[in-house]
Amino acid sequence: MLIEEIIKEKIAQAVFELYGQEISQESIQIQNTRKDVDGDFTVVVFPFLRISKKSPEQTANELGNLLKKNVSEVSKFSVIKGFLNLSISSSYWINLLSEVSANELYGFTTATENSELVMVEYSSPNTNKPLHLGHIRNNLLGFSIGEILKANGKKVVKTNIVNDRGIHICKSMYAWQKWGEGKTPENTGLKGDHLVGDFYVLFDKNYKQEISDLIEKGLSKEDAENQAPSIVAARDLLRKWEAKDPETLALWSEMNKWVYAGFDITYKELGVDFDKIYYESDTYLEGRDEVLQGLEKNVFYQKEDSSVWADLTDEGLDQKILLRSDGTSVYMTQDIGTAKLRFNDYRIDKMVYVVGNEQNYHFQVLSILLDKLGFEWGRGLHHFSYGMVELPNGKMKSREGTVVDADDLMAGMVEVAKKTAEELGKLDGYTEEEANRTYKTIAMGALKYFILKVDPKKNMLFNPEESIDFNGNTGPFIQYTYARIRSVLRKAEEQGIKPDVLSGDLVITDKEKELIKNISLFPSAISEASESYSPAVVANYVYNLVKEYNQFYHDHPILVESDKSTRDFRILLSESAAKIIKSAMSLLGINVPEKM
RNA sequence: GCCUCGGUAGCUCAGUUGGAUAGAGCAACUGCCUUCUAAGCAGUAGGUCAUGGGUUCGAAUCCCGUCCGGGGUACCA
């Protein structure tokens, strides 16, 4: 039982004893004591004044005296205005550290048979172009949320819905047919997604040219956009695809295969993975049936032109179309279909969609529709909505060539990590392979941490130059601290130092107390991150821990310590800190190097 | 217009269920490598928490109004 809970219980007792009134434990506020004030925990007594009918100081003193008497861990207390500051004895902290250090998986809750099953959908790429910076944010958030939920004792299925059909891929197909000259990833050496993406760009360039030519000939903008030969050809391909024309299907699956091979490389570099992949070409017809059933049950209604709608005015929303007048599906219908398949495949308790905030309205509607259709988790689905990634010179626009390509970005980060490490002479004793692996670890740590430390729901600014600065609140700074601790521990081992069981008599410093307190808070950081669906909570937690460790490290010699029990204690403290740093970073999908 | 999310130091961001004197990093300036890794540490400077009101012992945090910005808004995905 944590000391905070004990204190709460005892305070409730003390209030009853002193003032004769029962209070709920939730009404008791315990917080960390300000750094410049003596003490470990602070109880805010203002809420009790109404009961005690005494001054804040008097109330705090009365409670303090009783706590000191009844709780052995409370060694002393002080009162400032309405704040009761409690100091906790060294032995409590030392015992807590022993517990943390003995528990290999401190902070992690293991899933059981009865644990909630959470499905996390993320990534969801289109197959017509490579991944860019926006996808990186999505992938990192999705993966990390999955890991955090797992650490919090949920069963997690990570899933990806690949948008593999539609006009966008037909555009690339058309361009390849026309200008491809039989190019493949094999005979060009290009990554498949980049090759296909190049044809998409080619299509767009040509399409724009055709439009402006047509406008010059006197057509309206709208007519020109609809009549340009290349868009007509792409639409024709889409029709052939839907009619299952063998030649079109063959080209489609061939080009998609190239793209998947390319994506797999990018996913692997990013360190993300999936338990189950759905393809829209398999699910896009499913939603139709579901909607038609809903129509039968009068959940939806049909207009005269035979289009199908949902009336959401009772929910404060508008009318939403579900089937076009020609009977084909819209985006919403497809998502219903995908949900149906997933529900068949898994016993889902909770569904989390990691999708950008431009789709907030979409998911609000989806939630209501699934509920109306009888999906138990519909109402409770969670749209993990995240903000856009902006660049210093404005938004990312693929049309204007201001996108940051995911593969290029990662390669660039590795280059900078390598250059920096070489300048500092950090990895001199390493083989080339070991060194390269470490550069990659550091580069990816920098990128991932830079993105994950920001509150997901906010738009963020990605400054390429700043992101590769490894100073300050960055992944490499945390990795560096970890590597340094490992180095200390290696040296201890070389000297044959093995810490004994710690003695509770040891008196420890405030910095050391702080550090233990912070280390022991790891589980609550996980559960908070899980509740708020925010990896940033974990990122900020681990950054604080590292800052604190650095201060401790600066002030206290570890190996050069004459007193054996003090030295043992500090080695154990370092070991525990390293373990927690590694655990926390793993929740962000970031590896920590033994040496850097 | 309506819905929704934001606005904290020059810049990028933290800020627990409302708590004490609002915190980091970058950039600027000052120190510190013959002691376990200087990708570091210590320090200086930098704030009308967009703005006006309200709630109360107490507000960056909760409520209302205003201003600025992002996103969405019925047959695109």
Side-chain angles (χ1 to χ4, degrees), chain A residues 26-27 29 31-34 36-37 42 44 46-47 49-50 56 80-83 85 124 126 163 165-168 280 303 305 307-310 312 316-326 328-332 334-335 356-362 364-365 385 387-388 390 392 395 417 420-421 423-424 426 442 446 450 453-455 457-463 466-467 469-481 483-492 494-495 521 524-525 528 532 536-537 539-540 543-544 547 550-551 553-555 557-561 574 595-596:
Chain A
E26 283 102 59
S27 66
Q29 298 178 53
Q31 53 195 274
N32 289 334
T33 304
R34 285 174 58 99
D36 52 350
V37 174
T42 294
V44 185
F46 289 109
L49 298 185
R50 202 179 312 174
I80 303 175
K81 291 193 277 182
F83 299 95
N85 306 306
S124 312
N126 289 352
N163 189 3
R165 62 160 288 280
I167 191 73
H168 57 272
E280 208 184 87
K303 283 194 181 171
D305 65 0
S307 56
V308 178
W309 296 72
L312 303 174
L317 303 173
D318 289 328
Q319 316 287 322
K320 180 74 194 174
I321 189 161
L322 296 173
L323 291 176
R324 297 191 186 98
S325 40
D326 64 4
T328 56
S329 302
V330 295
Y331 175 41
M332 185 63 73
Q334 294 168 22
D335 259 358
N357 65 9
E358 70 273 14
Q359 296 196 28
N360 284 354
Y361 183 72
H362 173 81
Q364 201 184 342
V365 173
S385 160
M388 306 186 138
E390 284 161 18
K395 265 179 223 128
T420 312
E423 274 167 15
L424 295 168
K426 283 287 186 179
I442 295 166
F450 190 88
K453 75 174 175 185
V454 182
D455 183 352
K457 70 170 179 288
K458 289 187 179 174
N459 288 356
M460 68 174 288
L461 188 80
F462 185 84
N463 185 334
E466 226 174 87
S467 75
D469 184 351
F470 296 155
N471 289 311
N473 184 359
T474 64
F477 168 58
I478 296 165
Q479 290 172 318
Y480 169 73
T481 303
R484 222 176 36 199
I485 299 175
R486 297 303 308 170
S487 168
V488 171
L489 297 175
R490 265 198 306 276
K491 292 220 160 98
E494 280 164 21
Q495 293 173 24
L521 246 40
S524 58
E528 198 196 322
S532 60
V537 173
N540 285 304
Y543 176 65
N544 283 333
K547 286 287 285 181
N550 277 331
Q551 283 171 13
Y553 177 83
H554 178 255
D555 291 349
I558 296 169
L559 297 178
V560 196
E561 169 63 61
S574 296
K595 217 174 157 187
M596 72 181 269

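Both backbone and side-chain heavy atoms feed into the values below; hydrogens, waters and symmetry mates do not. Quick caveat, the model's predicted, so the values are computed rather than measured. Every chain is numbered from 1, with letters handed out A, B, ... down the list of sequences.
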With sugar-phosphate meaning primed atoms plus P, OP1 and OP2, does A/K426 contact a base, only sugar-phosphate, or nothing at under 4.0 Å between heavy atoms? base

Strictly below 4.0 Å: does A/K458 bring a side-chain N or O up to OP1 or OP2 of B/rG7? yes

Which nucleotide, B/rU21, B/rC36, B/rG6, lies nearest any side-chain atom of A/Y553? B/rC36

Assign A/Y543 to base, sugar-phosphate, or nothing according to its heavy-atom contacts below 4.0 angstrom with the strands shown. sugar-phosphate

Is A/Q551 near enough to B/rG40 that one of its side-chain N or O atoms lies under 4.0 angstrom from OP1 or OP2? no

Whole-Å P distance, B/rC26 and B/rG72: 36 Å

Counting the atoms with a prime plus P, OP1 and OP2 as sugar-phosphate, which does A/N85 contact under 4.0 Å by heavy atoms, base, sugar-phosphate, or nothing? base

If you check every side-chain atom of A/T33, which of B/rG6, B/rC41, B/rA20 has the closest atom? B/rA20

Pairwise C1' distance for B/rU4 and B/rA45, with rounding to whole Å: 40 Å

With the side chain of A/K457 defined as its heavy atoms from C-beta on, choose the nearest nucleotide among B/rA77, B/rG6, B/rU73. B/rG6

What does A/M596 touch in the nucleic acid at a heavy-atom separation under 4.0 angstrom: a base, only the sugar-phosphate, or nothing? base

Any side-chain heavy atom of A/K547 sitting closer than 4.5 Å to one from A/N473? no

Least distance between heavy atoms, A/S329 atom then A/R324 atom: O-NH1, 3.0 Å

Which nucleotide wins on minimum distance to the side chain of A/H554, given the candidates B/rU4, B/rA42, B/rC75? B/rA42

Closest-nucleotide ordering on RNA chain B, the 5'-leading residue of A/K491 and A/F83: A/F83

Rounded to whole Å, CD of A/Q359 lies from P of B/rU73 at a distance of 9 Å

When we call it a touch if two heavy atoms are under 4.0 Å apart, what does A/Y331 touch: a base, just sugar-phosphate, or nothing? base

Between B/rA39 and A/T474, counting only base atoms on the nucleotide and side-chain atoms on the residue, is there a donor-acceptor pair under 3.5 Å? no

Report which part of the nucleic acid A/D326 touches: base, sugar-phosphate, or nothing (heavy-atom distance under 4.0 Å, all strands). nothing

Quick one: on RNA chain B, does A/Y361 or A/F477 contact a more 5' nucleotide (nearest heavy atom)? A/F477

Need one value for A/A421: base, sugar-phosphate or nothing, where a base atom within 4.0 Å counts as base even if backbone is also close, heavy atoms only. base

Regarding the side chain of A/P47, the nearest nucleotide among B/rA14, B/rG70, B/rG19 is B/rG19

Take atom CD of A/Q29 and atom C1' of B/rA20, then tell me their distance rounded to the nearest Å. 13 Å

Under 4.0 angstrom, heavy atoms only, what part of the nucleic acid is A/V44 near: base, sugar-phosphate, or nothing? base

Do A/L312 and A/D318 touch side chain to side chain, with heavy atoms closer than 4.5 Å? no

Answer with yes or no after comparing the ring centroid distance for A/F462 and A/F450 against a 6.0 Å cut-off, counting only values under it. yes

Got a donor-acceptor pair under 3.5 Å from the side chain of A/D305 to the base of B/rC75? yes

Mind checking A/L461 for me? I need base, sugar-phosphate or nothing, with any heavy atom below 4.0 Å counting as a touch. sugar-phosphate

A side-chain contact here means heavy atoms from C-beta on lying under 4.5 Å apart; do A/L323 and A/W309 qualify? no

Before you tell me yes or no, could you show the steps for A/E280 and A/Y331 under side-chain hydrogen bond (donor to acceptor under 3.5 Å, both in side chains), namely the whole-Å CA-CA distance, both residues' side-chain angles and the distance that decides it to 0.1 Å? CA-CA 10 Å; A/E280 208 184 87; A/Y331 175 41; over 6 Å; no

Return the nearest nucleotide to the side chain of A/N550; candidates are B/rG6, B/rC41, B/rA14. B/rC41

For B/rG40, take OP1 and OP2 only and decide whether either is under 4.0 Å from a side-chain N or O of A/N471. yes

Which part of the nucleic acid, if any, lies within contact of A/Q479, taking any heavy atom under 4.0 Å across all strands shown: a base, the sugar-phosphate backbone alone, or nothing? nothing

Looking for any heavy atom pair under 4.0 Å, which part of the strands does A/S385 touch: base, sugar-phosphate only, or nothing? nothing

Gap in Å between the two C1' atoms, one belonging to B/rG15 and one to B/rU8, rounded: 9 Å

Candidates B/rG6, B/rG19, B/rA39 - which lies nearest the side chain of A/L424: B/rA39

I want to check one thing: is the phosphate of B/rU37, taken as OP1 and OP2, less than 4.0 Å away from some side-chain N or O of A/S487? yes

Between B/rG40, B/rA14, B/rG71, which nucleotide has the shortest distance from any of its atoms to the side chain of A/Y480? B/rG40

Just so I know, are the side chains of A/F83 and A/V37 near enough to count as touching, which here means a heavy-atom distance under 4.5 Å? no

Answer with base, sugar-phosphate or nothing: what part of the nucleic acid does A/I442 contact at a heavy-atom distance below 4.0 Å? base

Look at all strands and tell whether A/K320 reaches a base, only sugar-phosphate, or nothing, counting heavy atoms closer than 4.0 Å. nothing

Ignoring hydrogens and angles, state whether a donor on the side chain of A/R484 or A/N550 is under 3.5 Å from an acceptor on the partner side chain. yes

Is there a Watson-Crick or G-U wobble partner for B/rC11 with both distances under 3.5 Å, and which nucleotide is it? B/rG25

Whole angstroms only, please: what is the CD-P distance between A/Q31 and B/rU17? 12 Å

Report yes or no: is the ring centroid of A/F46 under 5.5 Å from the six-membered base ring centroid of B/rG58, with the two planes under 30 degrees? no

So, is A/R50 near the phosphate of B/rU56, with a side-chain N or O under 4.0 Å from OP1 or OP2? no

When all nucleic acid strands are considered with a 4.0 Å heavy-atom cut-off, which category describes A/A536: base, sugar-phosphate, or nothing? nothing

Which nucleotide wins on minimum distance to the side chain of A/T42, given the candidates B/rG70, B/rG40, B/rA20? B/rA20

Ignoring the backbone of A/K547, work out which of B/rC13, B/rC76, B/rA24 is nearest its side chain. B/rA24

For B/rC41 versus B/rG47, give the span between their C1' atoms, rounded off to a whole number of Å. 26 Å

